[in-house]
Each structure stands twice: as C-alpha cells, then as structure tokens.
A.B. asks: 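The structure under discussion is supplied below as structure tokens; questions concerning it will follow.
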Amino acid sequence: MAVSLDTIISLCKRRGFIFQSSEIYGGMAACYDYGPLGVELKRNVRDAWWRAMVQERGDIEGLECSILMHPDVWRASGHVENFTDPLVDCKSCRARFRADHVEGYEAVYTVTARTDGGATERFEVTLGPQIPTKVIRPGYRHNGAVLEEIAEIKFKGSPRTCPTCGNRELTEPRLFNLLFRTHVGPIEDAASTVFMRPETAQGMFVNFENVRGSMRRKLPFGIAQIGRSFRNEITTKAFVFRTLEFEQMEMEFFCKPGTDEEWYRHWVNERFNWYLRYGIRRENLRLRQHDADELAHYSRMCHDIEYNFPMGWGELEGVAHRGDYDLTAHMKQSGKNLKFFDEETKEAITPYVIEPAAGVDRTALTFMIDAYHEEEVRGEKRVVLRLHPAMAPLKVAVLPLLKKRGEIVEKCQALTAALKQRWRAVYDDTAAIGKLYRRQDEVGTPFCVTIDVESLDDGKATVRDRDTMEQDRIELGRIEDYLAERLVLNPPKVAEPALG
RNA sequence: GCGCCUGUAGCACAACGGCUAGUGCAUCGGCCUUCCAAGUCGAUGAUUACGGGUUCGAUUCCCGUCAGGCGCUCCA
C-alpha cells in the first residue's frame, strides 16, 4: 500500500527534514525550510546529479549564475511578455477558463513595445478567437517596435457569455505573469525593476560564449547549473512539490542541427536511468511525451519523467528540445553574435539545445516517498527509509550497548571521530539499543555499529544492516573497510532504454 | 483564483457552550535492564493558528485573516 503524503509530512517535521516556513508567524504559503537531515538529503541529490552530469563526463562544464540578471534577459526569453494565456472568471458560477474559450471571443490588447531607438510606445491590437499568446509572442513586432509587455486586455463588444452556466458575468481577461519583481536601489520606480529568475537556463544561454571561449569548447558540449528559481504560481500544491521558491538542476546541451534528435534520445534515456541508478523503483517511474498544444513557447519536443506520487503522477524532470530559440532570441535582443563557427564546414551555426531540467526539491521528496516502508517486527511497527546509501542523510550511527561503562563510551566516541573523517556519522546513547536502532531506521541510516562489553575483550563490534537487520561481528580496525565496501555512494550506471 | 473540509503539546488524537484542556507516542531525568520502539518512577511541553464577535462563561457557536488537505481551474 502506498504511503500517504500526510505520513511523509509528519515524518519530515518530526525528524528534522522539512518544516513549514515562518511557522511561528502562522506559516508562509508554499514555502518550506529544510532541517538538519533535509539539507543532507538535498546535498546528496545535488552531488549525485553533478557527479553524473559534470564529473563523470568530459563534455559538460559547470556554471553558477547570479539570480538577478539584466531585465532584457527575460524580455528575450519571453518571460516578461507573458507566461500564461489570459484567463477569465465567471462571477456567477465561479468557473475559470481560458479567455479564448468564450464564444465569439474578441479582445483589445494594449501592448508596450520598444523601438530600435529605445523608446517605449503603446498601441492596441484586436484579436479574435485565435490563441492570443501564439500571436503576441516574443519577437512580435508592430511598426518596427518589438514587443515588451502586454499591459492590459479588455473584451471587445459585449458577447461574454459564460460557457459553463450561460450567465453574462465574466471578468475582463487577466494575464498571470509568473515573474517575481523586485527593485535595485531604494527607489521603486519602473526603471529599477528587475526580476527574480524563473529558471536557471537563461544564465547558461547568456554565458554560452564565455564558457565556450574560456574552456575552448567545440560542439557538442553542455553547461550545467544548480540553483534557486522563483515563480509566482497561481496555485501551489502538495507540500514541496510546487513551491514559489525552488531549486533546479538544469543542463543545456548545445549540438549541431542534424545531431539533435540523437542527443535528445540520449538525454531522455540518460536522465530516466539516473533515477533507477539511485534506487527509485521502476514501476513508480514513467515517461510521458508532451502533446503539441502543451509545449512551452520555446519548445519543439518534450518528454517528462514522472513519478507516481501519493497524489498522482507528477513531473520530476522535463527533457526539452529548445531548438535554437534561446540563442537566436538573445542574439536579437543583445545584438551579439552567439553562433558557433564550424572550422570543417566553414559556416556559422546556431546550435540546437537539448535541456534536461529537474527539481531538487521534488527529487528529494521522491526519494523519501519511494524509500518509505512500514513493516511488522515482533508485533511492533517498524518504519524504515530504505534510502540508497548515497542519499541517506547519515551514513552510520555508533551506539553503545551500555552507556554506563566508560570504556565502551570512550571506544564509541573514538570510532565515531574516525568515521566522521570519511562519512556523515553520529553517536547516540540516549536510549536503549532497540530504540536507537529504530530511530536510525526512520531516517534511513544504512548502518549502525554497536560496541558492547565483549568488545572490550575481543576488540570486535556489531555492525547492523538497516534493511535486513542482520548483524556482523567485525574487528574495530576493519569497520571502516567493511563500511566502505557496502556504502556504495557512486553506484554503477543503469542502461535501460526508456525511449527507443 | 473558486468550492468543500480541517487547524488543540514535537507527532497522532480526545474534551455536551461550564471544574486547573486530557490520553498515547516522542523528548528529558532517575532506577532497573542490556542487541531490536521492554519495565517503572518522575519531569518538561498548549495564550486551543491569529484577530474580532455572541454569551455570565467559547477549544466548542458566528465573522474575518493565515495555514494545510481534497476537488475544480491552471501548470513555462
């Protein structure tokens, strides 16, 4: 039986993985804090991703960009212009739907645009039932001026009948822009407005030339980044699954047109297998291809890697074919040349981009959920997180069987100190041995080492396995080697073809 | 954003409009025990989410806010 989200939320709070943000002030919606064990788990997720994407390969460089960037970055990317289709609400039946779904839809869009001279001008565009964001989209031009933002939308005429209840009480269409805005400098005027990045991807596009040049790269190569992004979501949901502030692991892989489809397949498979490699159960993963109408404005093709969450299938990671959309857009906006000159064919190429983009928070949550097990041991419930050792916040706990015997405690602390040089290790003597084991099980610690009275004579300790609860007597001097063999922090790659 | 439901100790829950808001687990300490949440004694911990109202009296009824869950809607 699948674990409920409530159970996970309770465990997360009780054992220091995840807390509600600003809890003593009543909480901050859709924001969460990671506690002592949560930060370890997150760090493990990032490390495993970085290892697979950067360290183990030779064709990807790392990068860390600032969160605040020049506002033109987001004009070029299309994020300022708008992010969603205009929506209307029915005041009568409370339904919400896309404006262009209203019978006889026609609306006047007030748009701001910038001329080549840098001046901003406003003008109006009237559109019928075609999807407005497919027409007024990044790069849209009017009398030589380039679209900056849709400032306002108003229905034209009066045919605004609700398709659900038939009443005529619809609100004006509203755009929901997902960009958080803030200001540079103490004065909040329009000129100082900057945006909190909604994705880390753009930082890699605008640094394409910097990375290529400084690292003397030729196509194909990739740029990888892990960092926080911010989206002012209309609806947030399901614990850390969708939050306003979240952490992304993204990689932009630049390749020659013509090789793009092969790379696309490569990355879909590679990323799907990454989850298997760290122990996510195959039956809880699936691949789903986006239909044409759900593709983002920049995307030609997209596969989601989905996980079977307690609340249903949800996206863990998207692998998108972004074509040359982004580099082209930045060339237009910045006036800089971002093409790659191919010495063989003597031609300038605008690379195609394949982008695997994953969420750190969702991935961490997934590891918790997938690892959660309840079982009965001697008539008592045992909760155990069967986390992959690479993901476990703590790798080993050292426990004295008798805390009253000074020699035992001493040996335990010496062993803990030695193990800490290599792994995240803890010492605990605040309960009876059975309880100490259960505590470690609940947070997924793979091994416990127990020193008892006999250890003082034979120099051996008991190593206990989290999953099987089996015990081995091991000489104290050999414990580090014993654990090193079993704490496989860099498991072998999996090669299951998920996509043809 | 809308609708429904919920909010009491770290967690899970109880308390008819009426006594000092209880119980289990957890946590901390003592005794005992010493390899799988044992026993026992004790302790800490709650302006009942926050703010207002009705009432002699509110955890309980009403309103607002905040937060969470579920369902719509939406989802680069």
Side-chain angles (χ1 to χ4, degrees), chain A residues 4-7 9-16 19-32 35 74 77-79 81-85 87-98 101 133 138 164 171 174 176-179 198-199 201-202 229 231-239 241-242 248 290 294-299 302 304 310-312 314-315 318 320 322 355 357 377-384 399-405 408 430-442 448-454 461-466 469-471 473:
Chain A
S4 76
L5 197 56
D6 281 345
T7 304
I9 293 171
S10 170
L11 174 64
C12 281
K13 175 160 193 198
R14 203 158 31 83
R15 300 308 310 271
F19 310 122
Q20 171 92 61
S21 167
S22 315
E23 200 182 11
I24 64 169
Y25 287 103
M28 173 73 193
C31 293
Y32 293 90
W74 308 110
S77 70
H79 289 90
E81 170 252 336
N82 72 36
F83 223 39
T84 60
D85 294 305
L87 300 175
V88 293
D89 292 309
C90 174
K91 292 175 192 168
S92 175
C93 71
R94 311 278 184 202
R96 165 179 287 181
F97 35 83
R98 269 164 53 172
H101 288 178
T133 51
T164 310
T171 61
R174 283 179 294 177
F176 290 84
N177 190 287
L178 280 74
L179 287 176
E199 60 176 26
Q202 297 305 324
S229 295
R231 292 181 194 176
N232 207 348
E233 297 281 357
I234 303 170
T235 40
T236 52
K237 229 180 172 177
F239 199 36
F241 183 78
R242 180 175 294 166
Q248 292 186 299
H290 280 211
E294 64 177 319
L295 289 174
H297 61 272
Y298 53 72
S299 181
C302 187
D304 280 350
M311 61 281 185
E315 177 188 347
R322 297 179 75 130
E355 174 199 78
V377 177
R378 303 187 186 188
E380 297 274 358
K381 185 172 87 171
R382 180 172 89 117
V383 172
V384 53
L399 317 168
L401 196 63
L402 285 165
K403 70 171 164 180
K404 280 186 183 166
R405 295 287 293 268
I408 292 180
T430 57
I433 190 66
K435 185 177 286 190
L436 295 178
Y437 282 150
R438 292 296 196 274
R439 272 186 198 161
Q440 296 301 327
D441 289 342
E442 205 179 27
C448 294
V449 181
T450 301
I451 294 181
D452 55 26
V453 182
E454 265 180 60
T462 304
V463 182
R464 180 260 195 185
D465 181 283
R466 173 195 70 196
M469 294 191 290
E470 280 170 10
Q471 306 185 334
R473 279 300 270 189

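If you're wondering where the values come from, they're calculated on a predicted model, not measured in any experiment.
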A.B. asks: Determine the Euclidean distance between corresponding P atoms of B:rC2 and B:rU65; express it in Å to zero decimal places.
C.D. replies: 10 Å

A.B. asks: For A:Ala431, answer base if it contacts any base atom (sugar-phosphate contacts may also be present), sugar-phosphate if it contacts only those atoms, and nothing otherwise; contact means non-hydrogen atoms under 4.0 Å.
C.D. replies: nothing

A.B. asks: A:Met311 side chain: which of B:rU34, B:rC70, B:rA38 is closest?
C.D. replies: B:rC70

A.B. asks: Choosing from B:rC28, B:rC35, B:rA38, which nucleotide comes nearest the side chain of A:Arg439?
C.D. replies: B:rC28

A.B. asks: Suppose we define a pair by two distances each less than 3.5 Å, Watson-Crick or G-U wobble; what does B:rA46 pair with here?
C.D. replies: none

A.B. asks: So, is A:Lys435 near the phosphate of B:rU27, with a side-chain N or O under 4.0 Å from OP1 or OP2?
C.D. replies: yes

A.B. asks: Taking atom P in both B:rC62 and B:rC4, what distance in whole Å separates the two?
C.D. replies: 14 Å

A.B. asks: Does any nucleotide pair with B:rC19 by Watson-Crick or G-U wobble geometry, both distances under 3.5 Å, and what is it?
C.D. replies: none

A.B. asks: Describe the nucleic acid contact of A:Tyr25 in one word from base, sugar-phosphate, nothing, applying a heavy-atom distance below 4.0 Å.
C.D. replies: nothing

A.B. asks: Let me know the distance between CD1 of A:Ile433 and P of B:rC35, rounded to the nearest Å.
C.D. replies: 9 Å

A.B. asks: Between B:rC56 and B:rG69, how far is it from one C1' atom to the other, in whole Å?
C.D. replies: 38 Å

A.B. asks: Quick one: label A:Arg382 by what it contacts on the DNA or RNA (base, sugar-phosphate, nothing), any heavy atom closer than 4.0 Å.
C.D. replies: nothing

A.B. asks: Rounded to the Å, how far apart are A:Leu11 CG and B:rC11 P?
C.D. replies: 12 Å

A.B. asks: Among B:rA67, B:rU27, B:rA37, which nucleotide has an atom closest to any side-chain atom of A:Ala29?
C.D. replies: B:rA67

A.B. asks: In this structure, how many angstroms lie between the C1' atom of B:rU65 and the CE atom of A:Met28, rounded?
C.D. replies: 15 Å

A.B. asks: Searching all strands shown, indicate the nucleotide that pairs with B:rC31 (Watson-Crick or G-U wobble; both distances under 3.5 Å).
C.D. replies: B:rG39

A.B. asks: Check the pair A:Arg14, A:Glu442 against salt bridge (charged side-chain N to carboxylate O under 4.0 Å, His left out), reporting the backbone distance first and the verdict last.
C.D. replies: CA-CA 10 Å; A:Arg14 203 158 31 83; A:Glu442 205 179 27; 2.9 Å; yes

A.B. asks: Starting at CD of A:Gln471 and ending at P of B:rC36, how long is that distance when rounded to a whole Å?
C.D. replies: 8 Å

A.B. asks: Roughly how far apart, to the nearest Å, are B:rC16 and B:rG57 at atom C1'?
C.D. replies: 15 Å

A.B. asks: Determine the interatomic distance between P on B:rG1 and the same-named atom on B:rA9; round to the nearest Å.
C.D. replies: 29 Å

A.B. asks: A:Asp441 near the nucleic acid: base, sugar-phosphate alone, or nothing, with a heavy-atom cut-off under 4.0 Å?
C.D. replies: nothing

A.B. asks: Under 3.5 Å, is there a donor-acceptor pair between the side chain of A:Gln471 and the main chain of A:Asp465?
C.D. replies: no

A.B. asks: Between the main-chain N or O of A:Arg439 and the side-chain N or O of A:Arg15, is there a donor-acceptor pair closer than 3.5 Å?
C.D. replies: yes

A.B. asks: Both distances under 3.5 Å, Watson-Crick or G-U wobble: report the partner of B:rC11, or none.
C.D. replies: B:rG24

A.B. asks: Which part of the nucleic acid does A:Ala357 contact within heavy-atom distance under 4.0 Å: base, sugar-phosphate only, or nothing?
C.D. replies: nothing

A.B. asks: Expressed in whole Å, how much space separates the P atoms belonging to B:rU54 and B:rC70?
C.D. replies: 37 Å

A.B. asks: When the C1' atoms of B:rG51 and B:rG30 are compared, how many Å lie between them, rounded to an integer?
C.D. replies: 45 Å

A.B. asks: Consider the side chain of A:Met469, meaning its heavy atoms from C-beta on, and name the nucleotide among B:rA38, B:rG68, B:rC36 that approaches it most closely.
C.D. replies: B:rC36

A.B. asks: Find the distance A:Arg438:CZ to B:rA37:P and express it as a whole number of Å.
C.D. replies: 5 Å

A.B. asks: To check you understand the geometry: which heavy-atom pair defines the closest contact between A:Ala431 and A:Leu436, and what is its length?
C.D. replies: O-CD1, 3.4 Å

A.B. asks: Considering non-hydrogen atoms only, spot the tightest contact between A:Trp74 and A:Glu199 and give its length.
C.D. replies: CH2-O, 3.6 Å

A.B. asks: Set out, in order, the CA-CA distance, both residues' side-chain angles and the distance that settles side-chain contact (heavy atoms from CB on, under 4.5 Å) for A:Val453 and A:Leu401, then state yes or no.
C.D. replies: CA-CA 8 Å; A:Val453 182; A:Leu401 196 63; over 6 Å; no

A.B. asks: Can you work out whether A:Asp465 or A:Thr430 has the more 5'-proximal nearest nucleotide on RNA chain B?
C.D. replies: A:Thr430

A.B. asks: Given that both distances must come in under 3.5 Å, which nucleotide forms a Watson-Crick or G-U wobble pair with B:rC61?
C.D. replies: B:rG53

A.B. asks: Please work out if A:Glu315 contacts a base, only the sugar-phosphate, or nothing of the nucleic acid, heavy-atom cut-off 4.0 Å.
C.D. replies: nothing

A.B. asks: Between B:rU27 atom P and A:Leu436 atom CG, what is the distance in whole Å?
C.D. replies: 9 Å

A.B. asks: Taking the minimum atom-to-atom distance to the side chain of A:Arg14, which one of B:rA37, B:rU34, B:rC11 wins?
C.D. replies: B:rC11

A.B. asks: Does B:rC32 have OP1 or OP2 under 4.0 Å away from a side-chain N or O of A:Lys404?
C.D. replies: yes

A.B. asks: Sticking with atom P, work out how far B:rC63 lies from B:rG22, rounded to a whole angstrom.
C.D. replies: 29 Å

A.B. asks: Taking atom types as modelled, is there a side-chain donor on A:Gln248 or A:Ser229 under 3.5 Å from an acceptor on the other?
C.D. replies: yes

A.B. asks: Over how many whole Å does the gap from A:Ile24 atom CD1 to B:rG7 atom P extend?
C.D. replies: 23 Å

A.B. asks: If you only use heavy atoms from C-beta on, which nucleotide in B:rC35, B:rU34, B:rU27 is closest to the side chain of A:Tyr437?
C.D. replies: B:rC35

A.B. asks: Have a look at A:Ser10 and say if it touches a base, only the backbone sugar-phosphate, or nothing, with a 4.0 Å heavy-atom cut-off.
C.D. replies: sugar-phosphate

A.B. asks: Just to be sure I understand the rule, does A:Lys13 reach a base, reach only the sugar-phosphate, or reach nothing, if contact means heavy atoms closer than 4.0 Å?
C.D. replies: sugar-phosphate

A.B. asks: Just how far, in rounded Å, is P of B:rC75 from CG of A:Asn232?
C.D. replies: 16 Å

A.B. asks: Using every non-hydrogen atom in the two residues, find where A:Asp441 and A:Arg464 come nearest and quote the distance to one decimal.
C.D. replies: OD1-NH1, 2.7 Å

A.B. asks: Quick check: any donor-acceptor pair below 3.5 Å linking the side-chain of A:Arg378 to the base of B:rC36?
C.D. replies: no

A.B. asks: B:rG71 pairs with which nucleotide, Watson-Crick or G-U wobble, both distances below 3.5 Å?
C.D. replies: B:rC2

A.B. asks: Checking only heavy atoms, does the side chain of A:Arg464 share a donor-acceptor pair with the base of B:rC35 at less than 3.5 Å?
C.D. replies: no

